[in-house]
Amino acid sequence: MNALAATNRNFKLASRLLGLDSKLEKSLLIPFREIKVECTIPKDDGTLQSYIGFRVQHDNARGPMKGGIRYHPEVDPDEVNALAQLMTWKTAVANIPYGGAKGGIGCNPSELSISELERLTRVFTQKIHDLIGTHMDVPAPDMGTGPQTMAWILDEYSKFHGYSPAVVTGKPIDLGGSLGRDAATGRGVLFATEALLNENGKSISGQRFVIQGFGNVGSWAAQLIDEKGGKIVAVSDITGAIKNKKGIDIPSLLKYTKENKGVKGFHGADSIDSNSILLEDCDVLIPAALGGVINRENANEIKAKFIVEAANHPTDPDADEILKKKGVVILPDIYANSGGVTVSYFEWVQNIQGFMWDEEKVNNELKNYMTKGFKDVKDMCKTHECDLRMGAFSLGVNRVARATVLRGWEA
Ligand SMILES: NC(=O)C1=CN([C@@H]2O[C@H](COP(=O)(O)OP(=O)(O)OC[C@H]3O[C@@H](n4cnc5c(N)ncnc54)[C@H](O)[C@@H]3O)[C@@H](O)[C@H]2O)C=CC1
Ligand SMILES: O=C(O)CCC(=O)C(=O)O
């Protein structure tokens with residue numbers, strides 16, 4: 001099932017649980033605005049190359065639209081639409097005053113030089129600068145982008161609108177980025193996993209983890225889980241997959257991946273087939289890369305007891321059904337990976353106040369939000385007698401529906 005069909009399906013199930021008016025349901029599904037722009041840049045060899053950039057602004061009932069920008073060859077309009085919609089429910093689940101958006105450029109960032117990436121980012125910003133802004137739509141990093149990408153957007157945007165640090169989050173600290181934002185999604189995954197395991201009478205220490213993806217989210221989650229005594233038995237990224245039943249030495253792997261640009265060839269573990277990473281024996285599986293990776297083809301073979309969705313929409317609805325029957329508990333993306341956008345919110349607040357928080361305050365506040373989010377999701381599960389995904393969707397959809405109605409919706 002494609003990402004948009006899967007996200008729409010989950011939304012509709014939640015809408016039925018809540019008994020939403022059918023016209024309101026339809027209106028909540030339709031994006032506020034979809035932007036598609038042509039971005040042509042000169043490559044380093046002087047030839048011209050064109051790319052397509054997208055920004056889907058899904059909903060702004062609760063505040064400015066918010067969400068990352070992804071650079072990946074598989075970026076397409078349906079996927080960006082789905083990701084933008086997920087941001088709307090995610091910011092509502094986190095209870096931060098934002099709507100949802102997502103953007104992306106169909107490109108392979110590993111095949112572009114730094115100066116080509118800079119030109120592409122600046123052209124994209126020139127094309128969308130009138131449609132983003134501190135109180136309109138605030139981009140952030142996602143797959144294939146990072147603090148440097150945000151710095152270029154900030155600089156290009158500021159040429160048109162004056163210096164505007166709060167137009168993007170996930171910036172370098174020197175440009176007003178927040179302490180703790182780099183680690184925030186991984187740290188949020190840690191807090192979310194702790195909440196789930198504690199509820200099931202377990203703790204991080206002593207559990208075996210498998211992580212797919214070792215970029216920003218996966219590597220921070222691995223580091224923080226390792227520090228808490230969790231045993232990470234397998235890890236993969238685009239270069240390959242590795243396994244060590246006794247537990248991978250994560251500090252050494254972090255050092256190795258910095259020097260070698262991937263996990264492939266790491267000596268402290270055996271190389272395994274990348275396709276089998278999700279099927280490895282473990283207690284907690286953390287997909288932290290692409291969407292749709294857990295599907296009807298492999299769900300039956302998954303051995304984990306818990307899945308914590310660090311990636312966006314890693315599990316499609318067919319797999320949800322299969323895993324539910326197997327008794328696997330899934331902590332859904334719109335709660336589990338909300339630590340990133342929550343600290344983005346703290347960054348935006350700091351920029352607007354012109355006052356910088358210390359890292360301890362950021363991490364403590366993040367823990368408060370993640371703990372409250374888990375309780376709110378569980379309360380919805382109790383009210384509607386549903387699983388965690390529907391608990392999170394009904395929580396998010398209900399908050400957005402209430403804001404929409406208060407702002408003047410009439411059926
Ligand atoms: N960066 C953030 O703050 C947030 C990211 N996310 C989600 O987390 C996921 C990962 O994002 P980031 O870590 O930021 O991206 P990233 O670009 O820093 O890292 C992506 C990782 O996935 C790996 N990867 C790519 N294709 C793969 C494949 N076919 N098999 C195995 N690994 C593969 C890459 O090698 C890399 O290790 C995405 O789904 C993103 O939407 C969600 C919330 C916030
Ligand atoms: O930090 C943000 O604003 C957005 C992060 C994001 O794109 C996501 O949560 O999927």
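One-based numbering, in listed order, for ligands and for the atoms of each. No hydrogens, no waters, no symmetry mates; every other heavy atom, side chains included, goes into these values. Here the structure is a predicted model, which is why all the values come from computation and not from measurement.
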In terms of atom number and element, which parts of ligand 2 are under 4.0 angstrom from non-hydrogen atoms of [X]?
| X | answer |
| --- | --- |
| Lys66 | 2 (C), 3 (O) |
| Asn312 | 10 (O) |
| Lys90 | 8 (C), 9 (O), 10 (O) |
| Ala140 | 1 (O), 2 (C), 3 (O), 4 (C) |
| Ser344 | 1 (O), 2 (C), 3 (O) |
| Lys102 | 6 (C), 7 (O), 8 (C), 10 (O) |
| Gly68 | 4 (C), 6 (C), 7 (O) |

Query raised in the report: Do Val341 and Lys90 have side chains that get closer than 4.5 Å, going by heavy atoms?
Result: yes
Query raised in the report: Is there side-chain contact between Thr315 and Glu309, with at least one heavy-atom pair below 4.5 Å?
Result: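 A side-chain contact under 4.5 Å exists here.
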Query - Interatomic distance, Asp237 atom CG to Ser219 atom OG [nearest 0.5 angstrom] - result: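 OG of Ser219 is found 10.0 Å from CG of Asp237.
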Query raised in the report: To the nearest 0.5 Å, how far apart are CD1 in Ile238 and OG in Ser110?
Result: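 Output value for this atom pair is 8.0 Å.
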Query - Polar atom proximity, Gly213 to ligand 1 (N or O, under 3.5 Å) - result: no
Requested in this report: Decide whether the shortest distance between a heavy atom of Arg181 and an atom of ligand 2 is less than 4.0 Å.
Outcome: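 Checking ligand 2 against Arg181, which is what was asked, there is a heavy-atom contact under 4.0 Å.
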Query - Sub-4.0 Å heavy-atom approach of Gly67 to ligand 2 - result: yes
Report task. Go through ligand 1 atom by atom and flag the ones less than 4.0 Å from a non-hydrogen atom of Arg181. Result ->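 Close to Arg181: 3 (O).
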Query raised in the report: For ligand 1, which atoms have a heavy atom of Gly144 less than 4.0 angstrom away?
Result: 17 (O)
Report task. Compute the ring centroids of Phe393 and Phe11, then answer whether they are less than 6.0 Å apart. Result ->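 No, they do not, as the ring centres are separated by 6.0 Å or more.
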Report task. Please state whether the rings of Tyr256 and His267 are parallel, tilted or perpendicular, taking 30° and 60° as the class boundaries. Result -> perpendicular
Report task. Please work out which of the three classes, parallel, tilted or perpendicular, describes the rings of Phe374 and Tyr335, given edges at 30° and 60°. Result -> tilted
Requested in this report: Could you give me the CA-CA distance, side-chain angles and deciding distance for His384 and Ser394, then say whether side-chain hydrogen bond (donor to acceptor under 3.5 Å, both in side chains) is met?
Outcome: CA-CA 9 Å; His384 295 290; Ser394 56; 4.6 Å; no
Query raised in the report: Is it the side chain, the backbone, both or neither of Asp142 that has a heavy atom closer than 4.0 Å to ligand 2?
Result: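 The side chain, only.
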